[in-house]
Novice: 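Here's a structure for you.
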Amino acid sequence: MEENKEIIQNTKVITNTQVPGKEPAAPNVKNVKKTQTAEVVKNQEDIKEDMIRKDDEENGKKQKILKYLQFFLMFFLAGIIAGAGSFFYGCESADIICNTIMVMLGTGMVIFALFFSEVNNLYYYANQGKYGKFVLFYLAAMALSLVFPLLPVSGWPFLVVFVILSLFSNSISGLVAGSVCLMLPVILQNTGSSREFMLYFFSGLVGILVFSRLNEDFRVGLPVFISLICLTVCLSANIILFERERLSISQFTFVAINIMVNFILLMITLKIFNGSVIHRYRDRYMDLNDPEFPLLVQLKEYNKSEYYRAIHTAYLGDRIAKRLGINDVVVKACGYYHRIGILKGENTWDNVKLICEEYRIPEDTRKVLKEYLTRPDKVIAKETTVLMFADCIVRTILDEFSKDSKAELNYKQIIDTVFNKKMESGALSESDISIAQMREMRKLFKAEQLYYDFLR
């Protein structure tokens, strides 16, 4: 038998060897067609990647141009406001030039702080790359600063100025911007001194610190209380105690008015910030993350297996994201709609993008979907990482049950296999997720064993 096997193998070798003097055997037509088809598919994928890269580059250029234009206007208009204010208050020519230069220099420092924060990812909220509101608030605060010298020093509402500027940028940029806005009225007021500057600088600094980490719960009671108490102490120590007159109720009038004005403005600011930043898409996500949303109903009617895959992926992704402290509403929405492109043919980013635009899916969800569909082998965002594992685990279990619905699967072994393969493939080499979060995520997926039985 062994001799026969060797003969057969030798026969195959001889058959595949070209005999001298004879034409080579004609190539297999099927293999040629397969090779050509693979090359065509690869070329199409390369073309799509090039188109996506070009679109990203064009969008990046537009955003850079817009950003530089906003910063130029902020720098130029801040100088005009400082010069006009100095002229209005009757300053001499030398003082007008000096005030203008100092404000423009300070504005340049603000712009540098924004760039520095962007490069080092120091933004707490969704403010990176979005500077329109900050520029507007900065110029408005600079213009309002011209009115403050007409008021008693104890009535300047600078606490809210520092808080607003920090909420719509970050702590560093807000502190620098608030200091520049505070510098102008101190200079323009004839009786102004370093004591007034430090009074509002320290109270503003406390306000920035206590409001720097607002989350989805948006608990602002304690930060508001702490910032107002600090402002009261600073006003009392720097204004009332240095009054030459005897203590009277009238001395506390402007302090009380200042506290009340800052409180009202803080409430208005936090309301705007909550609606435009923290929960800007809350109502939209409530609709999108409803299993009966029209787009999901359409997917269910088109392909039930894809619909249930999306439902299970969204559930698991939501559960894991909440436990890891990641944006769970984004992960849940991505779980629902990461296969929605099949409604237009193939599940490509181009098709998904068209659907996202049609149904007004928020930008942060689009970013995760784009990364997941265009770079499945190199995920970066934490939300994309959770989506990748949830989808892969659900798909693996569904495939096993499609072969045998009564099969007894070892879910822990499946999860370990999925995690090991993803880590070995280098898919997580650029991910923002930490090693501790990876370990926790593996444990959390294993803890959902009872749910996996529903996938039968």
Novice: Taking all non-hydrogen atoms of both residues into account, name the closest pair between Ala321 and Val386 and its distance.
Specialist: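 Heavy atoms of Ala321 and Val386 come nearest at N-CG1, 4.5 Å.
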
Novice: Could you state the interatomic distance from NZ (Lys370) to NZ (Lys353), rounded to the nearest 0.5 Å?
Specialist: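 Here the rounded value is 6.5 Å.
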
Novice: For side-chain contact (heavy atoms from CB on, under 4.5 Å), just list the numbers for Leu444 and Glu440, CA-CA rounded to whole Å, side-chain angles, deciding distance to a tenth of an Å, and then say yes or no.
Specialist: CA-CA 6 Å; Leu444 293 173; Glu440 181 67 17; 3.9 Å; yes

Novice: Can you find a pair of side-chain heavy atoms, one from Leu114 and one from Ser169, that are under 4.5 Å apart?
Specialist: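 Yes, their side chains come closer than 4.5 Å.
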
Novice: Shortest non-hydrogen contact from Phe148 to Pro185?
Specialist: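 That closest heavy-atom pairing would be CB-CB, 4.1 Å.
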
Novice: Heavy atoms, side chains only, cut-off 4.5 Å: are Phe211 and Leu167 in contact?
Specialist: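 When only atoms from C-beta onward are counted, Leu167 and Phe211 do touch, with a gap below 4.5 Å.
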
Novice: Going by atom types alone, do Asp350 and Thr348 pair a side-chain donor with an acceptor below 3.5 Å?
Specialist: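 No donor-acceptor contact under 3.5 Å links the two side chains.
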
Novice: Please answer whether the main-chain N or O of Phe116 pairs with a side-chain N or O of Asn120 as donor and acceptor at a distance below 3.5 Å.
Specialist: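 Yes; judged by distance alone, with no hydrogens or angles, the pair exists.
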
Novice: Should Val180 and Met102 be marked as a side-chain contact (heavy atoms from CB on, under 4.5 Å) after you check the CA-CA gap, both sets of side-chain angles, and the distance that decides it?
Specialist: CA-CA 9 Å; Val180 177; Met102 290 297 293; over 6 Å; no

Novice: Taking the side chain as everything from C-beta on, heavy atoms only, tell me whether Lys332 gets closer than 4.5 Å to Glu383.
Specialist: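 Sidechains of Glu383 and Lys332: no contact.
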
Novice: Would you check, one step at a time, whether the test side-chain contact (heavy atoms from CB on, under 4.5 Å) holds for Tyr452 with Leu316?
Specialist: CA-CA 10 Å; Tyr452 299 136; Leu316 283 175; 3.7 Å; yes

Novice: Under 3.5 Å, is there a donor-acceptor pair between the side chain of Asp391 and the main chain of Thr313?
Specialist: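 Such a contact is absent between Asp391 side chain and Thr313 backbone.
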
Novice: Would you call the rings of Tyr131 and Phe71 parallel, tilted or perpendicular, taking 30° and 60° as the class edges?
Specialist: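 Tyr131 vs Phe71 ring planes: tilted.
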
Novice: Is Phe201 close to Glu196 at the side-chain level, that is, under 4.5 Å between some pair of heavy atoms?
Specialist: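 Counting from C-beta outward, Glu196 and Phe201 never come under 4.5 Å.
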
Novice: Measure up the Trp156 and Tyr200 rings against each other and bin them: parallel (under 30°), tilted (30 to 60°), perpendicular (over 60°).
Specialist: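 Correct class here is parallel.
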
Novice: State whether a side-chain donor-acceptor pair under 3.5 Å links Lys378 with Ser429.
Specialist: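 Present: a donor and an acceptor within the cut-off.
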
Novice: Verify salt bridge (Lys or Arg N to Asp or Glu O under 4.0 Å) between Arg319 and Asp328, making sure each step is shown before the conclusion.
Specialist: CA-CA 8 Å; Arg319 295 266 297 178; Asp328 55 287; over 6 Å; no

Novice: Say whether, by atom type as modelled, one donor and one acceptor occur between the side chain of Lys443 and the main chain of Met438 under 3.5 angstrom.
Specialist: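 Not confirmed, Lys443 side chain does not pair with Met438 backbone.
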
Novice: Determine whether Cys181 and Phe158 make a side-chain contact, defined as any pair of heavy atoms from C-beta on separated by less than 4.5 Å.
Specialist: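 In short, these two side chains touch, coming nearer than 4.5 Å.
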
Novice: Hey, does Gln437 have a side-chain heavy atom less than 4.5 Å from the side chain of Thr385?
Specialist: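 No, side chains not in contact.
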
Novice: If you apply the rule side-chain contact (heavy atoms from CB on, under 4.5 Å), what do you find for Met104 with Thr100, and how did you get there?
Specialist: CA-CA 6 Å; Met104 294 182 75; Thr100 304; 3.8 Å; yes

Novice: Do Leu288 and Tyr337 come close enough that some side-chain heavy atom pair is under 4.5 Å?
Specialist: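 Leu288 reaches Tyr337 side chain to side chain.
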
Novice: Can you find a pair of side-chain heavy atoms, one from Gln70 and one from Leu66, that are under 4.5 Å apart?
Specialist: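 A side-chain contact exists here, since the closest heavy-atom pair is under 4.5 Å.
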
Novice: With under 30° as parallel and over 60° as perpendicular, where do the rings of Phe454 and Tyr451 fit, or are they tilted in between?
Specialist: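 Tilted.
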
Novice: Which heavy atom of Thr396 sits nearest a heavy atom of Ile414, and at what distance?
Specialist: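 Where Thr396 meets Ile414 most closely, the heavy atoms are CG2-CG2, 3.8 Å.
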
Novice: Check whether any side-chain N or O of Glu346 sits under 3.5 Å from a backbone N or O of Gly341 as a donor-acceptor pair, and report yes or no.
Specialist: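 No; judged by distance alone, with no hydrogens or angles, the pair does not exist.
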
Novice: Looking only at heavy atoms, what is the nearest atom pair of Val261 and Pro157, with distance?
Specialist: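 Shortest heavy-atom separation between Val261 and Pro157 comes out as CG1-CB, 4.1 Å.
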
Novice: Give a yes or no answer on whether the side chain of Ser173 reaches the backbone of Asn170 with a donor-acceptor pair at less than 3.5 Å.
Specialist: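 A pair under 3.5 Å: no.
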
Novice: Parallel, tilted or perpendicular: which one describes the rings of Tyr372 and His338, with boundaries at 30° and 60°?
Specialist: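 Judged by the thresholds at 30° and 60°, the geometry between Tyr372 and His338 is perpendicular.
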
Novice: So, taking the atom named CD in Gln449 and the one named OH in Tyr411, what distance separates them when rounded to the nearest 0.5 Å?
Specialist: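 Going from CD on Gln449 over to OH on Tyr411, the span is 8.0 Å.
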
Novice: Could you check Phe162, Phe134, Phe273, Tyr138 and say which one makes a ring pair (Phe, Tyr, Trp, His ring centres under 6.0 Å) with Phe168?
Specialist: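 It is Phe273, the one option of Phe162, Phe134, Phe273, Tyr138 that forms the ring pair (Phe, Tyr, Trp, His ring centres under 6.0 Å) with Phe168.
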
Novice: Just by distance, do the side chain of Asn262 and the backbone of Val160 share a donor-acceptor pair under 3.5 Å?
Specialist: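 The answer is yes, because a donor-acceptor pair under 3.5 Å joins these two groups.
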
Novice: So, for Met441 and Leu324, which heavy atoms are closest and what is the spacing to 0.1 Å?
Specialist: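 Looking at all heavy atoms of both residues, the shortest contact is CB-CD1, 4.0 Å.
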
Novice: Between the side chains of Tyr89 and Asn99, does any donor sit under 3.5 Å from an acceptor?
Specialist: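 Absent: no donor and acceptor within the cut-off.
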
Novice: Just say parallel, tilted or perpendicular for the rings of Phe389 and Phe445, cut-offs at 30° and 60°.
Specialist: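 Tilted, since the angle between the ring planes falls between 30° and 60°.
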
Novice: For Ile361, is there any backbone N or O sitting under 3.5 Å from a side-chain donor or acceptor partner on Arg366?
Specialist: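 Checking the backbone N and O of Ile361 against the side chain of Arg366, a donor-acceptor pair under 3.5 Å is found.
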
Novice: Look up atom CG in Leu165 and atom CG in Leu175, then write down how far apart they are to the nearest 0.5 Å.
Specialist: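 If I round to the nearest 0.5 Å, the distance is 10.5 Å.
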
Novice: Quick check: does any side chain N or O of Asp95 sit under 3.5 Å from a backbone N or O of Cys91, one acting as donor and the other as acceptor?
Specialist: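 Not confirmed, Asp95 side chain does not pair with Cys91 backbone.
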
